[in-house]
Amino acid sequence: MNKISWIKIIAISGMLCVALGAFAAHGLEQALSTRALSTMRTGILYQFLHTLTLLGIVALPDKLLNQELQNRAAQFLLAGIVLFSGSLYLLVFTGVSALGMVTPIGGLALIAGWLLLFSAAKRPQ
């Protein structure tokens with residue numbers, strides 16, 4: 001995927017973080033239990049942190065990273081955001097506890113993304 005496409009995805013994800021954060025703080029605070037609100041905040045935090053990570057990866061100069069591994073790292077981080085944070089959001093909004101089984105898969109995708117980023121780093125020449 002090219003950098004422009006990644007920037008658009010990152011922008012949408014960042015916008016969703018702000019919108020969901022505001023909705024949780026102002027619209028759901030009275031409607032959700034303390035535990036559900038904490039779950040929602042965890043999803044937002046992880047989404048925001050990894051959205052910023054994606055922005056950093058895309059902004060790095062091409063000469064620092066193996067491009068194929070850089071793209072794979074970004075793909076895994078995006079999948080991790082969707083699976084980890086997305087499953088938490090769905091858990092909060094639907095109450096379907098089985099969705100909690102998806103969250104660790106998202107966590108593994110995030111870990112894989114970080115490991116791929118590590119592998120993508122080129123040795124100085």
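Every value quoted in this text rests on a predicted model; they were computed, and no experiment measured them. All heavy atoms count here, side chains included; hydrogens, waters and symmetry mates do not.
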Compile the donor-acceptor pairs under 3.5 Å between side chains in residues 99-113 and protein atoms, sequence neighbours left out, one pair per line.
{"unit_1": "Thr103", "atom_1": "OG1", "unit_2": "Ser87", "atom_2": "OG", "d": "2.7"}

So do Val96 and Leu91 actually touch side chain to side chain, heavy atoms under 4.5 Å?
no

Is there a donor-acceptor pair under 3.5 Å between the side chain of Thr51 and the backbone N or O of Gln47?
yes

Below 3.5 Å, can you tabulate the donor-acceptor pairs from side chains in residues 14-21 to any protein atom, sequence neighbours excluded?
none

Would a hydrophobic clustering, with Ile, Leu, Val, Met, Phe, Trp and Tyr connected at side-chain separations under 4.5 Å, put Ile81 with Leu88?
yes

Does Phe84 offer a backbone N or O that forms a donor-acceptor pair with the side chain of Tyr46 under 3.5 Å?
no

Same apolar cluster: Ile7 and Ile57, side chain cutoff 4.5 Å
yes

State plainly whether the residues Lys122 and Asp62 are in salt-bridge range, i.e. N to O under 4.0 Å.
no

Between the main-chain N or O of Leu117 and the side-chain N or O of Gln70, is there a donor-acceptor pair closer than 3.5 Å?
no

If you draw a 6.0 Å radius around NZ in Lys63, do more than 12 non-hydrogen atoms from other residues or ligands fall strictly inside?
no

Can you tell me how far the CH2 atom of Trp114 sits from the OG1 atom of Thr53, to the nearest 0.5 Å?
3.5 Å

Could you tell me whether the side chain of Ser13 and the main chain of Ile9 form a donor-acceptor pair under 3.5 Å?
no

Side-chain (Ser38) to main-chain (Thr34) donor-acceptor, under 3.5 angstrom:
no

Please enumerate all residues that pass side-chain hydrogen bond (donor to acceptor under 3.5 Å, both in side chains) together with Ser97, with sequence neighbours excluded.
none

For Gln67 and Leu65, indicate whether the former's side chain and the latter's backbone hold a donor-acceptor pair under 3.5 Å.
yes

I need the Ser119 OG to Arg72 CZ distance, nearest 0.5 Å.
13.0 Å

Within one Ile-Leu-Val-Met-Phe-Trp-Tyr cluster: Phe23 and Leu45, side-chain cutoff 4.5 Å:
no

Flag yes if Leu77 and Leu55 sit in one hydrophobic cluster, no otherwise; membership is Ile, Leu, Val, Met, Phe, Trp, Tyr, and two members link when side-chain heavy atoms are under 4.5 Å apart.
yes

Establish whether Trp6 and Leu60 are linked, either directly or via other cluster members, by ILVMFWY side-chain heavy-atom contacts under 4.5 Å.
yes

